[in-house]
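For this chain, numbers begin at 1 and follow the sequence in order. Here the structure is a predicted model, which means the values were calculated and not measured.
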Amino acid sequence: MALGSLLPELLPGGAGRTPLIERIARWAREKPDAPAFTFVDYSLDPSGVHVTYDWAETDRRARALAVRLRQVAGPGDRAALLLPQTLDYMMTMLGAMYAHVVAVPLFSPDLPGHADRLIGAYTDAEPAVIVTSRNALPHVEKFLADHDVPRPREIVFAEEVEPALGEGWTDEPFGFDDLAYLQYTSGSTRRPAGVEITHGNVTANAMQLWAGWAPEKPDPELVSWLPLFHDMGLIATMALPLVRGDHAIFTDPVSFIMNPLRWMQLIAERPGKNVYTAGPNFAYEYVATAAKPEKIAGLDLSGLTTCLNGAEPIRTSTLAMFAEALEPAGLRPGAQAPGYGLAEATVFVTAAADDAPPRTIAADREALTGGELRPDDRGTSTLVSCGRPCGQFVAIVDPETRLEQPDGRVGEIWVHGPNTAPGYWRNSERSQETFGGELAEPGGLPAGPWMKTGDYGVVHEGELYVTGRIKDLIIVDGRNHYPQDIEVTAQEAHQAVRPDHVAAFALAGAETERLVVVAERNRRVPLGRLDPEEVEAAVRAAVNVEHEMSVHEFVLIEPGGVSRTSSGKIARAATRQRYLDGGLPTTAAKLASRK
């Protein structure tokens with residue numbers, strides 16, 4: 001069963017066919033003094049220093065960056081953003097789009113934990129110019145010196161571009177098919193994939209997101225800490241406000257990690273507004289853990305209209321924990337909005353944002369692994385609804401036969417709409433594999449092209465439920481197992497296993513795949529009281545009972561050892577590779593070193 005329809009304003013001749021970047025000038029004319037982007041800097045003051053650009057200043061500075069970039073690069077050249085997350089980062093993105101220079105949103109090389117991703121994406125993009133800041137220059141120079149990567153023609157310092165330079169910019173026409181930026185995906189051990197995002201893609205997805213969130217209330221504002229080098233952060237913070245000229249308040253990810261309640265405090269500072277925000281599942285759990293009664297006293301979250309939880313798998317325990325922890329601060333039951341998206345669709349695909357508590361369904365695990373969603377109040381698998389698409393089509397398809405599946409049958413999630421990217425940068429073979437899907441019997445749906453997400457899902461009562469990544473599926477003795485189910489079982493088996501820091505994956509065996517479970521040690525259990533054999537026995541027994549399968553090997557590792565993507569998801573393929581390479585920081589080694 002397929003879901004969705006296209007937005008009339010995005011069809012040829014529709015009112016929404018104006019490229020999003022052109023709207024900056026409109027808002028600069030119509031409401032020049034209205035706030036556009038506010039950056040909150042906690043490095044200068046723990047309470048946060050707010051710096052705001054209105055729409056007139058945003059337009060002026062973006063044009064100035066466009067002039068500066070065109071002095072050193074031509075249309076179609078790439079500009080790598082290797083600078084901290086500030087207003088300068090935002091102005092550089094907008095300036096590159098004005099200049100027809102293809103932005104590559106990355107980050108300062110000193111950001112911990114992302115070195116391999118930066119090397120791969122930077123090398124693949126072959127940028128003509130690097131945009132950075134004076135403070136980040138030593139890190140950029142070290143990055144260029146230490147790695148065999150392309151040298152740029154020039155390094156531009158964003159904060160040194162004079163705003164008056166923008167007066168010399170002459171507008172150039174934009175086409176919906178013109179390339180705007182390269183969004184590099186995360187979490188894969190393969191060659192990095194730069195998703196080609198066109199001006200049409202970013203325009204469509206921003207409008208789809210607004211329509212999906214239904215912000216009909218006055219004075220909507222966006223609050224975010226998400227990294228601008230990540231698809232969710234970029235579209236929510238940069239593109240969304242451009243649709244109607246609204247206000248975005250943002251900080252940087254490190255400030256959030258240092259104190260997760262800053263996110264909630266920024267929301268509570270907007271009295272009388274309707275606030276929208278987004279984050280991955282782990283961020284909501286992080287906030288809920290920190291939201292002690294004395295810490296949230298005085299916070300008023302009644303103005304939080306929608307908080308999108310946009311990273312699968314979305315845990316029912318996280319939804320419940322967040323609701324319970326923040327209810328005393330005025331969080332409405334309908335504010336939480338589970339959603340689904342990916343960079344290949346620009347980001348947004350579906351959301352459950354209809355001002356109702358998140359919907360969940362208990363399902364028979366045996367039937368689910370066999371490809372059928374069979375609701376069962378005593379079911380051992382619980383799925384969270386990711387809602388419905390807006391402005392695009394979603395179909396559940398058998399990847400082998402290319403036939404659309406009926407309601408209740410599991411298949412691959414395929415997406416068709418103006419937000420789906422044309423392909424991957426300089427990778428035609430992989431582009432055709434992902435973006436060239438054709439339905440064998442389209443019926444009333446478009447025959448193609450469909451974007452194949454690589455995710456399994458199922459439609460039930462008109463809503464999408466995501467069941468897992470196809471490449472992560474574990475097949476033992478002919479039976480399918482979703483790794484997230486095994487991971488939950490493992491983390492609940494013993495208190496020494498750190499919740500949401502478990503990776504389950506399969507290795508090839510002589511006759512069947514063999515299950516490996518890698519789990520981080522919970523810091524709350526001191527090393528002196530830890531019995532690794534007891535933890536392993538508990539996990540093995542729980543997996544055997546719950547899933548009727550044996551664990552080939554259980555590895556307990558130190559906190560921070562499980563690989564994660566830039567959005568906080570468990571990177572099972574990367575963890576598997578580190579396991580095979582012997583690169584995991586095992587607790588056994590830690591204990592041995594203490595003797």
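- The backbone N or O of Leu234 lies less than 3.5 Å from no partner atom in the side chain of Thr237, so there is not a single donor-acceptor pair.
- Between Lys292 and Glu294, no side-chain nitrogen of the basic residue sits less than 4.0 Å from a carboxylate oxygen of the acidic one, so the salt-bridge criterion is not met.
- Asp455 and Lys471 are not joined by a salt bridge, as no carboxylate oxygen comes within less than 4.0 angstrom of a charged side-chain nitrogen.
- Between the side chain of Trp225 and the backbone N or O of Ser255 there is no donor-acceptor pair closer than 3.5 Å.
- The main-chain N or O of Val347 is found under 3.5 Å from a side-chain atom of Asn205 such that the two form a donor-acceptor pair.
- Remark: side-chain polar atoms of Gln491 are not paired, donor with acceptor, to backbone N or O of Val497 under 3.5 angstrom.
- Salt bridge absent: Glu513 and Arg479 never bring a charged side-chain N and a carboxylate O closer than 4.0 Å.
- Residues Arg270 and Asp219 are not paired through a salt bridge, judged by the lack of any N-O separation under 4.0 Å between the basic side chain and the carboxylate.
- Classification of the Trp213-Tyr276 ring pair by plane angle, with boundaries at 30° and 60°, yields parallel.
- In this structure a side-chain-to-backbone donor-acceptor pair under 3.5 Å is present from Gln392 to Phe348.
- No donor-acceptor pair closer than 3.5 Å links the side chain of Gln265 to the backbone N or O of Leu299.
- For Trp263 and Phe250, the ring centers sit 6.0 Å or farther from each other.
- Between Arg244 and Asp246, at least one side-chain nitrogen of the basic residue sits less than 4.0 Å from a carboxylate oxygen of the acidic one, meeting the salt-bridge criterion.
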Notebook entry, point to check: Can His481 and Met549 be said to form a side-chain contact (heavy atoms from CB on, under 4.5 Å), step by step?
Noted result: CA-CA 10 Å; His481 300 270; Met549 63 189 305; 3.7 Å; yes
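- Of the possible donor and acceptor atoms, none in the side chain of Arg521 sits under 3.5 Å from a partner among the backbone N and O of Leu556.
- The six-membered or imidazole ring of Tyr286 lies near that of Phe256, with a centre-to-centre distance under 6.0 Å.
- Once rounded to the nearest 0.5 Å, the distance linking CG of Asp500 with OG of Ser317 reads 6.5 Å.
- Note that Arg540 lies outside the cation-pi zone of Phe554, set by a 6.0 Å cut-off to the ring centre and a 45° limit from the axis.
- Ionic pairing of Glu285 and Arg315 is not present here: no N-O contact between side-chain nitrogen and carboxylate oxygen is shorter than 4.0 angstrom.
- Between Arg365 and Glu546 there is a salt bridge, with a side-chain nitrogen of the basic residue lying less than 4.0 Å from a carboxylate oxygen of the acidic one.
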